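One structure is given below, encoded as structure tokens.
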Amino acid sequence: MTYKEARVYLDDMSKYGSVLGLDTIRGLLRELGNPQESLRFIHIAGTNGKGSVLAYTSSILSEAGYRTGRYVSPTVISYLERIQVDGMWISEEMFAQMTSQVRDAIARLEEAKEPLPTVFEAETAIAFLYFKETHCDFVVLEAGLGGALDATNIIENTVCAVFSPISRDHLGVIGNTLEEIGENKAGIIKPGCAVISSGQSPSITEILKTHASQNGCPFIQADPGQIKIHREDYRGMELSYKGYRHLKTSLPGRYQTDNLCTALEVVHWLQGNGYPVSEESVRTGTARAFWPGRFTCIGESPVFILDGAHNEAAALKLRETVETYFPGRKLIFIMGVFRDKEYDKIAKIMCPLASSVYTVELPDKKRGLPARELAETVKKYCPGTVASSDGNNSILQAVTQALSEAEDEDIILAFGSLSYLKQTEEAYTRLRQAKETATHLRQRERAGVLHAGSASTSEK
């Protein structure tokens, strides 16, 4: 099986949607020899910030000398980004090899007339095989949807169950209230593991504490009140938290302080429970942590930023960050969201800040909200809203329009679904390169004219 064949195979599986529950993946992993049983996990659930907590935690552990696997979704840069070891993506060859093993196991299940896995379950099994093959000391694992019935929750060897902020998302799928969502996510807590949480609402904190107590787990909660920010801007920040002094991070955004102190609590617990991590590893790992699409600056003059804020809680944090970093600056927004998100609430929070908003069509046409339909909502909060609805060129059109409007001192912010941020960066890079090429040609032409003029004068 080649990488291309592996992708086609998994794409075909994705047509059948997703089903919550552990029975099917349990059968698949049994066919594969239960690779997850030889691994130790740091399992992360939450609504916002899971990926950033994962990035900090895994970066620090890798710097400390632990071979550290990462399993994340969704991805921004590449499909292969979802499975990493020490920050290196799985290779196409290894991905094809692991997928081939999973395909053969699924064929055996089909022959035995057993339930067949979803594409996410197959991808999770591929990841477990790879992490076993590469002899990982830790796997930092991001839950997909919810917690209790998510495919990643098939694991038993959980060292830490970690919770980023939990808020209302996927309503009707994993719960209809904040408390029901919290109960679902608390399902990743395993007997005897450490339970480590970001700051939460009182009801969620109580739910997590109850589950920790029932499973004989210590409960540790990060305390954002002990964060001291020494310096910050859209390029990063320097801060202290408890005994960790003057740490530098290139991940900007006010919400990153919560994510970092949660990761530091994970590291602190590991340090005290048989897993040495030096101060230098903490310092270097924090500085080197990278997580694309989270207030990521891709250009200057004008500043161009990408952020995956796609729900109400994330939009509130994004607004706080924008108002902190760019007071008094002209703001131009690009916005694209899935239809099943609370896009009116997101628009109400963010769009009054903007002088103009360009709405886009997402690559995923089935889930995406059409640009014109989104524009009708956004216009209530920003009259200068334009639907960039040129079909497959919608994102390029929006980036072109935003750059045409912006002066060097203005700010362009593309936010909403993570699914279109890669195309946004590609469009920006393409337009910038074209502009630089045109500028270079004009300079050469001008130099040629001046040279010709000088030659003519000397001939006289």
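The shown structure was predicted, so the numbers you read here are calculated from the model rather than taken from an experiment. Residue indices begin at 1 and follow the sequence shown.
In this structure, Gln101 contributes its side chain and Met98 its backbone to no donor-acceptor pair below 3.5 Å. A donor-acceptor pair is defined here as one N or O able to donate and one able to accept, closer than 3.5 Å; such a pair exists between the side chain of Glu81 and the backbone of Ile77. Using modelled atom types, no side-chain atom of Ser100 and backbone atom of Ala96 make a donor-acceptor pair closer than 3.5 Å. In this structure, Gln221 contributes its side chain and Ser198 its backbone to a donor-acceptor pair below 3.5 Å. Thr47 contributes a side-chain N or O that, together with a main-chain N or O of Ser167, makes up a donor-acceptor pair within less than 3.5 Å. With Ser164 contributing its side chain and Asn48 its backbone, the two residues share a donor-acceptor pair below 3.5 Å. Of the possible polar contacts, none joining the Arg319 side chain to the Lys317 backbone as a donor-acceptor pair under 3.5 Å is found. Judged by distance alone, with hydrogens and angles left aside, the side-chain atoms of Arg40 form a donor-acceptor pair with the main-chain N or O of Asp137 at under 3.5 Å. In this structure, Glu312 contributes its side chain and Glu342 its backbone to no donor-acceptor pair below 3.5 Å. Looking only at distances, no side-chain donor or acceptor of Arg7 sits under 3.5 Å from a matching main-chain atom of Thr2.
For the ring pair (Phe, Tyr, Trp, His ring centres under 6.0 Å) condition, the pairs that include at least one residue of residues 228-249, sequence neighbours left out, are His230-His246, Tyr234-Phe326. Residue pairs that meet the ring pair (Phe, Tyr, Trp, His ring centres under 6.0 Å) test with at least one member in residues 46-69, sequence neighbours left out, are Tyr66-Phe138. Residue pairs satisfying the salt bridge (charged side-chain N to carboxylate O under 4.0 Å, His left out) criterion with at least one member in residues 416-433, sequence neighbours excluded, are absent. Within the structure, ring pair (Phe, Tyr, Trp, His ring centres under 6.0 Å) pairs that include any residue of residues 389-416 comprise Phe333-Phe415 (at least two apart or interchain).
The side-chain heavy atoms of Phe120 and Ser73, taken from C-beta on, include a pair separated by under 4.5 Å. Contact check for Thr262 versus Val162: side-chain heavy atoms found under the 4.5 Å cut-off. Taking the side chain as every heavy atom from C-beta outward, Leu431 and Leu396 approach each other to under 4.5 Å. At least one side-chain heavy atom of Ile106 sits less than 4.5 Å from a side-chain heavy atom of Met13. Contact of the Lys228 side chain with the Leu239 side chain is not registered, since no non-hydrogen atoms from C-beta on lie closer than 4.5 Å. Within the 4.5 Å cutoff, the side chain of Gln226 has no heavy atoms near those of the Ser240 side chain. Side-chain atoms of Ile126 and Met94, non-hydrogen and from C-beta on, never get closer than 4.5 Å to each other. Side-chain contact between Tyr3 and Thr99: absent, with no pair of heavy atoms (C-beta onward) separated by less than 4.5 Å.
Separating the SG atom in Cys261 from the CD1 atom in Ile196 is a distance of 11.5 Å, to the nearest 0.5 Å. Atoms CD and NZ, from Gln36 and Lys132 in turn, are 9.0 Å apart once rounded to the nearest 0.5 Å. To the nearest 0.5 Å, atom CG of residue Leu32 and atom CG of residue Leu129 are 5.0 Å apart. Put simply, CG on Asp150 and CG on Asn184 are 8.5 Å apart, with the number rounded to the nearest 0.5 Å. Rounding to the nearest 0.5 angstrom, the gap separating the CD atom in Glu5 from the CG atom in Leu10 is 12.0 Å. Atom OG1 of Thr296 is separated from atom CG of Leu306 by 6.0 Å, given to the nearest 0.5 angstrom.
No hydrogens or angles considered: a donor-acceptor pair under 3.5 Å links the side chains of Glu280 and Thr284. Using a 3.5 Å distance cut-off with no hydrogens or angles, the side chains of Thr124 and Tyr71 do pair a donor with an acceptor. In this model, a donor atom of one side chain and an acceptor atom of the other lie less than 3.5 Å apart for Ser52 and Gln256. With no hydrogens or angles considered, no side-chain donor-acceptor pair links Ser59 and Arg288 at under 3.5 Å. Looking at Ser62 and Asp86, their side chains do bring a donor and an acceptor atom within 3.5 Å of each other.
Listed by chain and residue number, Glu361, Asn392 satisfy the side-chain contact (heavy atoms from CB on, under 4.5 Å) test with Lys365 (two or more places apart in sequence, or in another chain). Not counting sequence neighbours, the partners of Phe295 by the ring-ring contact (aromatic ring centres under 6.0 Å, His included) test are Tyr325.
Summarising the geometry of Leu421 relative to Gly308, their closest heavy-atom pair is CD1-N, 3.9 Å, with the distance given to 0.1 Å. Considering every non-hydrogen atom in both Pro370 and Arg339, the closest pair reads CD-NH2, 3.2 Å. Considering every non-hydrogen atom in both Arg70 and Ser58, the closest pair reads NE-OG, 2.7 Å. Nearest approach of Met335 to Tyr343, heavy atoms of both residues: CE-O, 4.1 Å. The two residues Leu362 and Ser417 have their closest heavy-atom pair at CD1-CB, 3.9 Å. Considering all non-hydrogen atoms of both residues, Pro302 and Leu403 come closest at CG-CD2, 4.2 Å.
If you look at Phe128 and Phe41, their ring centroids are closer than 6.0 Å.
Between Tyr358 and the choices Thr385, Val378, Ile412, Val386, the side-chain contact (heavy atoms from CB on, under 4.5 Å) rule is met once, by Val386. Each of Thr377, Asp340, Leu374 was compared with Leu369 under the side-chain contact (heavy atoms from CB on, under 4.5 Å) criterion, and only Leu374 meets it.
Around the CZ atom of Arg329, the shell of radius 6.0 Å holds more than 12 heavy atoms that belong to other residues, nucleotides or ligands. Remark: Lys242 NZ is packed, more than 12 non-hydrogen atoms of other residues, nucleotides or ligands lying under 6.0 Å away.
Both tests pass for Arg82 against the ring of Tyr79: distance under 6.0 Å to the centre and angle within 45° of the axis.
Using a 4.0 Å cut-off between charged nitrogen and carboxylate oxygen, Asp344 and Lys380 count as a salt-bridge pair. Checked for salt-bridge contact, Glu300 and Arg235 meet the test: a charged N lies under 4.0 Å from a carboxylate O. The pair Glu407-Lys330 does not meet the salt-bridge criterion, since no charged nitrogen lies less than 4.0 angstrom from a carboxylate oxygen.
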Take Leu318 and Leu413, measure what side chain to side chain contact (heavy atoms under 4.5 Å, CB included) needs, and give me the verdict at the end. CA-CA 10 Å; Leu318 179 58; Leu413 169 64; 4.1 Å; yes
For side chain to side chain contact (heavy atoms under 4.5 Å, CB included), just list the numbers for Ile334 and Tyr420, CA-CA rounded to whole Å, side-chain angles, deciding distance to a tenth of an Å, and then say yes or no. CA-CA 11 Å; Ile334 299 171; Tyr420 84 100; 3.9 Å; yes
Let me see the working for Val337 and His310 under side chain to side chain contact (heavy atoms under 4.5 Å, CB included), right down to the final yes or no. CA-CA 7 Å; Val337 294; His310 59 270; 5.5 Å; no
Worked check of side chain to side chain contact (heavy atoms under 4.5 Å, CB included) between Thr134 and Arg67: CA-CA 8 Å; Thr134 51; Arg67 194 157 179 75; 4.0 Å; yes
